[in-house]
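Since the structure comes first, as structure tokens, the remarks are kept for the end.
Treat the numbers as computed from the prediction; the structure is a model and nothing was measured. Index from 1, following the sequence.
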Amino acid sequence: MTAPAVHPRAFPGIRTLSRRGALFGGLCLCCLPTLGRAAESFTMEEVGPGIFVRKGLIADATPENADAIANIGFIVGQKGVLVTESGGSLADGQWLRAEIVKRTTKPITHVVLTHVHPDHVFGAGAFVQDKPVFIGHAKLTEALSARGEFYRKRLIDLLGEDRTGPVVYPTLSVADTAEVDLGDRRLTFTAHGPAHTTSDLSMIDSGSGLLFPADLLFVTRIPSLDGSLKGWLKEAERLKAMGPSRAVPGHGPVSVDLAPALADLTGYLTALRDGTRAAIAKDVSIEKAVDIVARDQRDKWALFDTYNGRNVTVAYQELEWE
Ligand SMILES: [Zn+2]
């Protein structure tokens, strides 16, 4: 996602959760699970040998969901545990850490910070006590320096300081590729060019062959553009060329067949690119373009009305001078 929206969005299913949250809002908070009522619907699914993923909500951050909106999880290796995504808040990260401790006594040795967006990095604070290596794209430190405190203040307004947590910076920067050896399996990281954001890091697990593209792959939830539209289409080709057949997307189901999921993603991005180019060619203003570009994709994606206009704005600015 891009900057977190602070109000619950009108999306079927999520309304139900919000109502349930409000119902229990009057109870003593200490009696509730860390993530509130929404946590009861969260479970870890084993998507491969020793690989556990929690499906994030298809929603924006709310006090009830503690920004638990991204797919997060961990991989248990012989030497230790690697956290694939830390969560959207300190509370979300604490929930994930408790799920890890339930399943293994191995040390948490690595935490991946897949890109700058808050729903993917604010869980990291829950793992500082484990002194892991925090792995991120070479451009992530710069991106977090620019936006981290802004994101943190927005989350504090929503969740309170105690449940938000600190901005955690990478301690291992990946400029091109890197490898982490967990004993019985190796994780290979690739730092991508500007695409979803300017700090997208993907990972392949040798133990399962699974690709972890993070937000380079959205499923169900509309992709949000915060880097480069042309770059994202290029990096989508690169993901395909890496050869994995299954992937754990940043949002959507916990695992999917890569080829059809990438086809849906590039279908949207191509509609966005071609529609925006056509609008620019006809001298249609940004304000008008946001209402007309990629409308044929509306029924295919959740939260379309929330994010498509922003995507058109970003695309317009990129394509205007080509
Ligand atoms: Zn993102």
Side-chain angles (χ1 to χ4, degrees), residues 1-15 17-18 55-62 65 67-71 85 88 114-122 143 147 150-151 154-155 158 194-200 213-233 235-236 249-253 256 261-277 279 284-320:
M1 60 172 289
T2 54
V6 292
H7 298 296
R9 298 291 172 187
F11 192 71
I14 301 312
R15 277 189 175 147
L17 272 179
S18 298
K55 184 181 185 300
L57 297 169
I58 306 294
D60 282 324
T62 66
N65 68 32
D67 202 20
I69 64 171
N71 293 344
E85 290 268 16
T114 60
H115 61 292
V116 69
H117 287 157
D119 50 326
H120 297 261
V121 295
F122 272 94
R147 295 188 187 178
F150 168 77
Y151 286 153
R154 294 276 296 265
L155 267 184
L158 200 62
H196 168 62
T197 66
T198 56
S199 56
D200 301 313
D215 276 7
L216 288 172
L217 181 61
F218 281 69
V219 178
T220 312
R221 182 185 181 116
I222 185 172
S224 74
L225 176 61
D226 190 23
S228 163
L229 178 52
K230 288 195 283 184
W232 199 345
L233 283 161
E235 296 303 329
H251 299 272
V256 294
L262 271 179
D264 288 345
L265 174 92
T266 55
Y268 173 74
L269 296 178
T270 303
L272 181 62
R273 181 194 63 191
D274 295 349
T276 306
R277 274 182 178 154
V284 174
S285 67
I286 289 193
E287 293 73 22
K288 289 210 176 99
V290 298
D291 291 328
I292 54 173
V293 171
R295 297 303 291 180
D296 61 330
Q297 292 277 319
R298 189 170 187 269
D299 294 341
K300 296 181 180 162
W301 300 98
L303 301 178
F304 182 93
D305 292 339
T306 309
Y307 289 96
N308 186 62
R310 276 190 221 185
N311 289 343
V312 174
T313 303
V314 177
Y316 200 107
Q317 287 159 350
E318 177 183 340
L319 300 174
E320 200 171 7

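Checked against side chain to side chain donor-acceptor pair (under 3.5 Å), Asn71 has no partners two or more places apart in sequence or in another chain. With sequence neighbours excluded, the residues that form a side-chain contact (heavy atoms from CB on, under 4.5 Å) with Thr198 are Pro194. In this structure Ser228 satisfies the side chain to side chain donor-acceptor pair (under 3.5 Å) test together with Glu318, sequence neighbours excluded. Contacts of Ala289 classified as side-chain contact (heavy atoms from CB on, under 4.5 Å), with partners at least two apart in sequence or in another chain: Ala279, Val284, Val293, Val312, Tyr316. In this structure, the side-chain contact (heavy atoms from CB on, under 4.5 Å) partners of Val314, at least two apart in sequence or on a different chain, are Leu225. Applying the side-chain contact (heavy atoms from CB on, under 4.5 Å) test to Asp305 and every residue at least two apart in sequence or in another chain returns Arg295, Arg298.
Across all non-hydrogen atoms, the minimal contact from Ala195 to Glu235 is CB-CG, 4.0 Å. Considering all non-hydrogen atoms of both residues, Ala214 and Thr114 come closest at CB-CB, 3.4 Å. Here the shortest heavy-atom pairing between Val219 and Ala261 reads CG2-CB, 4.0 Å. The shortest non-hydrogen separation linking Asn308 to Ala294 is OD1-CB, 3.9 Å. Closest non-hydrogen pair, Ile58 versus Gly252, comes out as CD1-N, 4.0 Å.
The closest side-chain donor-acceptor pair between Asp226 and His115, if any, does not fall under 3.5 angstrom.
Here the straight-line distance linking atom CD1 of Ile222 with atom OG1 of Thr220 works out to 12.0 Å at 0.5 Å rounding. In this structure, OG on Ser199 lies 10.5 Å from NE2 on His120, to the nearest 0.5 angstrom. Atom CZ in Phe218 sits 13.0 Å away from atom CG in Leu262 (nearest 0.5 Å).
Within the 4.5 Å cutoff, the side chain of Arg310 has heavy atoms near those of the Tyr307 side chain. Between Phe122 and Asp67 there is no side-chain heavy-atom pair separated by less than 4.5 Å. A 4.5 Å side-chain heavy-atom check between Val256 and Leu217 finds at least one atom pair inside the cut-off. In this structure, the side chains of Leu57 and Thr62 stay at 4.5 Å or more apart for every pair of heavy atoms.
With respect to Leu319, the side-chain contact (heavy atoms from CB on, under 4.5 Å) criterion is satisfied by exactly one of Leu229, Leu272, Asp274: Leu229.
Judged by distance alone, with hydrogens and angles left aside, the side-chain atoms of Asp200 form a donor-acceptor pair with the main-chain N or O of Thr197 at under 3.5 Å. Without hydrogens or angle criteria, His251 side chain to Asp215 main chain gives no donor-acceptor distance under 3.5 Å. A donor-acceptor pair is defined here as one N or O able to donate and one able to accept, closer than 3.5 Å; such a pair exists between the side chain of His196 and the backbone of Ser224. A donor-acceptor pair is defined here as one N or O able to donate and one able to accept, closer than 3.5 Å; no such pair exists between the side chain of Thr270 and the backbone of Gly267.
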Check the pair Asn311, Tyr268 against side-chain contact (heavy atoms from CB on, under 4.5 Å), reporting the backbone distance first and the verdict last. CA-CA 11 Å; Asn311 289 343; Tyr268 173 74; 3.0 Å; yes

Evaluate side-chain contact (heavy atoms from CB on, under 4.5 Å) for Val121 paired with Val116, printing each intermediate quantity in order. CA-CA 7 Å; Val121 295; Val116 69; over 6 Å; no

